[in-house]
Q: 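Mind looking over this structure? Questions follow.
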Amino acid sequence: MRVLVTGGAGYIGSHTVLQLLGAGHSVVIADDFSNAKPSVIGRLEELAGVSIPVHRVDLSDYPATAELIAAEQQGEGIDAVIHFAGFKAVGESVDKPLDYYRNNLDTTLSVLEAMRAGGVRTFVFSSSATVYGENPVCERTEDMPTSATNPYGWTKVMIEQILRDLAVADDSWRIGVLRYFNPVGAHPSGRIGEDPSGFPNNLMPFVTQVAVGRRQELSVFGDDYDTVDGTGVRDYIHVEDLAAGHIAALERLGQIDAPWSVWNLGTGSGVSVLQMVAAFAAASGREIPYRIAPRRPGDLAANWADPAKAHRELGWRATRTLDDMCADSWRWQSQNPDGYPD
Ligand code: WQD
């Protein structure tokens, strides 16, 4: 298949691009590079051994997006879209709700309308476990109700609803919603990885920046949760497993009649903050100084995936271990202490 990957220069997008090419698919990237550096593309081409067509575009600009897809359809054609593009920082979304609703909803609506106009109906959406909200049941299954505790999460809930309504209105669509748990790790080459701009919001990039000397110490946000050691528990999934889940979903959508499907992409295991810190120290040989800090507003105590549906319907499961996640994260960060070059 020839796949348009929006946000393809981003963390999960870039790893998925590499696996799509490795699986024999063709790829076109559309990215505005607002949260990714252009040097990612050169790294991808180096690893894939091919040149990758890239459109630098603001996907919230409908005319530009429609023109992009129409032009591609006049050329080699687009068979499917994997939509990663969007803002994704929980805390920032609380401070800038309008930016998040405007960007995440506009880009998605613009891409969907351009697909409809261009005759493309296969769409894989980058959703998130955050749509499970504050459900007291820690193990998340796809049939649980969705809600959110922050504007970022609400954009994911709203987009999932938009996609459901679209599928009801026109069953020629083949829509796959992928609910990610906590993506970590990097391609084993160490040439691509997670490179957050500014202050890292998420645990693993903060840990790797402490390990490489860019940060002094990790703040552990609370050790008084009702968990194995009092710190927050999450389902960390290697980004390479996550990317593989996209390929499995894409290929499955070509075989089923359902216009709308949803799958968890997680390992099914929960790991605490302190367990992650210990695993990283063991994998990297670097001690991670930390202090216990107050809980972060909005944080949940614990959640993890029930990954059975994706295994049953996609034949997919996560295979990389916690040690793989830590070793690959460290290789990326130690080889690229300041992230991607400008
Ligand atoms: C994990 C654990 C923190 C940083 C969010 C989004 C989700 C997805 C991933 C986008 C928690 C603790 C963290 C730190 C810490 N985002 N922590 N010190 O909040 O589970 O999920 O990011 O796709 O949609 O909701 O991930 O990595 O921020 O936190 O103690 O400096 O690490 O309290 O227990 P989270 P996280």
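When a residue number appears, it is its place in the shown sequence, counting from 1. Counting starts at 1 for both ligands and their atoms, following the listed order.
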Q: Could you list all the ring-ring contact (aromatic ring centres under 6.0 Å, His included) pairs where at least one residue sits in residues 301-327, not counting sequence neighbours?
A: none
Q: Which salt bridge (Lys or Arg N to Asp or Glu O under 4.0 Å) pairs, counting each pair once, include a residue from residues 172-186, with sequence neighbours left out?
A: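 Found Glu160-Arg179.
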Q: Could you tell me how the ring of Tyr340 sits relative to the ring of Trp332: parallel (under 30°), tilted (30 to 60°) or perpendicular (over 60°)?
A: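 Tilted.
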Q: Can you list every protein residue that has a heavy atom under 4.0 Å from any atom of ligand 1, sorted by chain and residue number?
A: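 Lining ligand 1: Lys88, Val90, Ser128, Thr130, Tyr152, Asn182, Asn201, Asn202, Leu203, Leu218, Ser219, Val220, Phe221, Gly232, Arg234, Tyr236, Val273, Arg296, Asp299.
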Q: Which other residues end up in the same hydrophobic cluster as Val220, if Ile, Leu, Val, Met, Phe, Trp and Tyr are linked when side-chain heavy atoms come under 4.5 Å apart?
A: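 Members besides Val220, by chain and number: Val184, Phe199, Leu203, Met204, Phe206, Val207, Val210, Val212, Leu218, Tyr236, Val271, Val273, Leu274, Met276, Val277, Phe280, Ile288, Tyr290, Ile292, Leu322, Met325, Trp330.
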Q: State, with a plain yes or no, whether a side-chain heavy atom of Pro151 is found less than 4.5 Å away from one of Val94.
A: yes
Q: Should the pair Tyr180 and Phe84 be assigned to parallel (<30°), tilted (30 to 60°) or perpendicular (>60°) ring geometry?
A: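 Plane angle between 30° and 60°, so tilted.
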